[in-house]
There are 2 protein chains.
Amino acid sequence: MKPTLQAVAEAVGVSRSTVSNAYGRPDQLSAELRQRILDTARQMGYPGPNPTARSLRRGFVGAIGVLFTSRLSYAFTDAFAVRFLTGVAEAAERHDSSLLLVPLPVGLAGARKAVENAAVDGFCVYCAGDEGGIIDTIRGRGLPFVTTSARPQPGDRWVGIDERSAARSAAEHLTALGHRRVALLAHDVLPDAGTGRLRVANVTDVPHPTTRDRLAGVADAFAAAGVAWSDLTVLSAADNDRAAGAAAVRALDAGPEPCTAVLACSDVLALGALDALRAGGEEGRRVSVTGFDDIPEAAPAGLTTVRQPGEEKGRTAAALLFDPPADASAGQIQLPTTLVVRTSSGPVPRS
Amino acid sequence: MKPTLQAVAEAVGVSRSTVSNAYGRPDQLSAELRQRILDTARQMGYPGPNPTARSLRRGFVGAIGVLFTSRLSYAFTDAFAVRFLTGVAEAAERHDSSLLLVPLPVGLAGARKAVENAAVDGFCVYCAGDEGGIIDTIRGRGLPFVTTSARPQPGDRWVGIDERSAARSAAEHLTALGHRRVALLAHDVLPDAGTGRLRVANVTDVPHPTTRDRLAGVADAFAAAGVAWSDLTVLSAADNDRAAGAAAVRALDAGPEPCTAVLACSDVLALGALDALRAGGEEGRRVSVTGFDDIPEAAPAGLTTVRQPGEEKGRTAAALLFDPPADASAGQIQLPTTLVVRTSSGPVPRS
DNA sequence: TTGAAAGCGCTACCAT
DNA sequence: ATGGTAGCGCTTTCAA
């Protein structure tokens, strides 16, 4: 058994308070006594104040939780999530705080438990919308939290982008280039949708709020160009990763009037689409592709995409958590997006 | 202020134990009483038992810490780290445990503090060697831990690969193809080495143990093929990511006798090298490239590489933590590696 | 500069 | 099935 602070105090012949001060408030005791305490402690194998006990007593933990829907691994699969995390980590580090990554299991009960058990001082919610009312559970904990979901409740701290108009900008880029037969490539279009073409009667049927908003923006742009929603191809990827994007595009039967462009809802999917198309020879290379996020791999691949500032999003979220704005109405921060045109998109080839 | 369990007990008119049981041991009280307690609690806004207090009382936390040297963001930059983390996460999830990602600041003092403050039940040490004796601090906490470093202390639980012979297999592949003028691309060759060619008198001068072991394996293979260490080009990348790999290769002046192959110490670097070389036209395309890890992006890129089982490494590490082998000598697990030959490597072109 | 006392919020044991 | 008691290990007044 590890010795406790108490044991050290007895060994040195001082009170527990003094030992505690030796660790947490060096200015409260003489340097020599402090040294003597620390030496004895080391010698006894005392590991320093127990973090849990300290947290309980102090009333705060020194860690913030980052909540993810779906498997934790998803957090790492998408390069954009990675950038977000990087930003959060950076800000947390500055505030001497660690990061507790909390995967939310699929069921609400499990998700609740995860939120209730997390020993943290606050939450960054990095996930979809409020599937299953998990936000209420978070609110119930009475801890500060920041959302990045597509639709924040009024009063909640939030950092995000205008998903709809961001997506519209990509779609308008394609319509301006003359594209009319376009495949919309996304994960999370419908629950458990596999790989391949999908019938989606109405954009509002898409449950995942981010995907819905992006597709709605796309629909806006094409409607303005005279292309009805039903004339667009919705292409489902089984996962949000490069391989799944490639697989989805491969599954798309060319047909008599093949699509001239693929508009993907994330860069990883778009890169997968490029993989598949470039492997498809001359034909494939002429298909335009756009992505979303502008992850680091996008530029070398020449991918046209909508840039959203990932790290800044993470940093901002953490900042909102650590330094809440005095005025609650300043707690919703919308970050700008930019269409970055590279070589993966071009005019419709004259056949 | 949030109500406590105590307050709920008073409101319902039962003892604290009973309320506690309502949450943690449903079988200890009648269903109806339990329901009444839960309802009252919800109504009062009681968030459920405070995790910190619970941990203190129970004596365990329900979270394991994953320790990283260098910036936390590094954890997410390398796709291999991501796979490892995925494996750990998976195992942790099965054990109802969360993951605390603990970035170790550069200085030893800061790193110590991070280890000492982490409220966890055990550690997975995912990083280099024992830079600065941080392992001793971990050991000092008296918590179980698992290392993945290149050189475990005897008795410590460890999971890893034979770095040296794994790297040798890649190098032998190149020598068998006739390559003699080869660039060795690595991050962490020397502390704070930037981008570009580096003079490394001796492999043993490389401080980072993993990099050292891999380079040593490469040296073995080339020595066997009659190529001295000093005839190999050591190419330093400023970071362990794709862009840095590309930058390093671009910085390599072709010279009169350009390298015919690039052997990278990680797949992300190798993919960067391919980016740079493929942009370099016909000439560049003829340079062979090999990587290390076999991350998901390697296959689509046709990258020849040494596969190490990332997720399995993570899963095994966590398993070792949660279910320690009865026999301590079984606590060191070496995972197999395989050379995966794809299209990025080929015979030296006859010029 | 040091120490004594009080309790952070909870759960596990042992009675009843 | 329910309650009383006794801390988990620490920090923080406040008094000396």
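Residue numbers begin at 1 in each chain, while the letters A, B, ... track the order of the sequences.
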Considering just the side-chain nitrogens and oxygens of B:T18, establish if one lies under 4.0 Å of OP1 or OP2 belonging to D:dG3.
yes

Taking the side chain of A:S30 as its heavy atoms from C-beta onward, which of D:dT12, C:dC8, C:dT2 lies nearest to it?
C:dT2

For A:R34 and C:dT2, what is the distance between atoms CZ and C1' respectively, to the nearest whole Å?
16 Å

Whole-Å distance between D:dG9 C1' and B:R58 CZ?
18 Å

Looking at A:S17 and C:dA4, is any side-chain donor or acceptor paired with a base atom of the opposite kind under 3.5 Å?
yes

Interatomic distance where CZ belongs to B:R16 and C1' belongs to C:dC13 [whole Å]
14 Å

One should read off an interatomic distance between A:N117 CG and B:T52 OG1, to the nearest 0.5 angstrom, of 11.0 Å

Whole-Å distance separating the CG atom of A:N21 from the P atom of C:dT1
11 Å

Let me spell it out: for each of B:G13 and B:A53, pick the nucleotide of DNA chain D with the closest heavy atom. Which residue's pick is nearer the 5' end?
B:G13

State, with a plain yes or no, whether a side-chain heavy atom of B:D323 is found less than 4.5 Å away from one of B:H95.
yes

Has B:D192 got more than 12 heavy atoms of other residues, nucleotides or ligands less than 6.0 Å from its CG?
no

For the pair made of OH in B:Y23 and P in C:dC10, what is the distance, rounded to whole Å?
9 Å

May I ask you to evaluate whether A:Y46 reaches the phosphate of D:dG9, defined as a side-chain N or O under 4.0 Å from OP1 or OP2?
no

Distance below 4.0 Å between A:T52 side-chain N/O and D:dC8 OP1 or OP2
no

The nucleotide from D:dG3, D:dG9, D:dT11 with an atom nearest the side chain of A:T4 is D:dG9

If you measure from the Lys or Arg side-chain nitrogens to the Asp or Glu carboxylate oxygens, is any gap between B:R36 and B:D39 under 4.0 Å?
no

How close or far is atom P of C:dG3 from atom CG of A:L33, stated in whole angstroms?
8 Å

Decide yes or no for B:T210 and B:D188: does some side-chain heavy atom of the first lie under 4.5 Å from some side-chain heavy atom of the second?
no

Remember a base hit wins even if backbone is also touched, and classify A:R25 as base, sugar-phosphate or nothing at under 4.0 Å, heavy atoms.
sugar-phosphate

Let me know the distance between CD of B:Q6 and P of C:dC8, rounded to the nearest Å.
9 Å

Reckon A:L29 touches a base, only the sugar-phosphate, or nothing at all at heavy-atom distances under 4.0 Å?
sugar-phosphate

Of B:P49 and A:Q28, the one whose closest DNA chain C nucleotide lies more 5':
A:Q28

Is it true that atom CD of B:E32 has more than 12 heavy atoms of other residues, nucleotides or ligands lying nearer than 6.0 Å?
no

Let's see if you can work this out: which of D:dC10, D:dG9, C:dA12 has an atom nearest to the side-chain heavy atoms of B:R57?
C:dA12

Presence of B:R54 side-chain N/O under 4.0 Å of C:dT11 phosphate oxygens OP1/OP2:
yes

In terms of side-chain heavy atoms of A:N50, which of C:dA4, D:dC10, D:dG3 is nearest?
D:dC10

D:dT11 P sits how many Å from A:I37 CD1, rounded?
12 Å

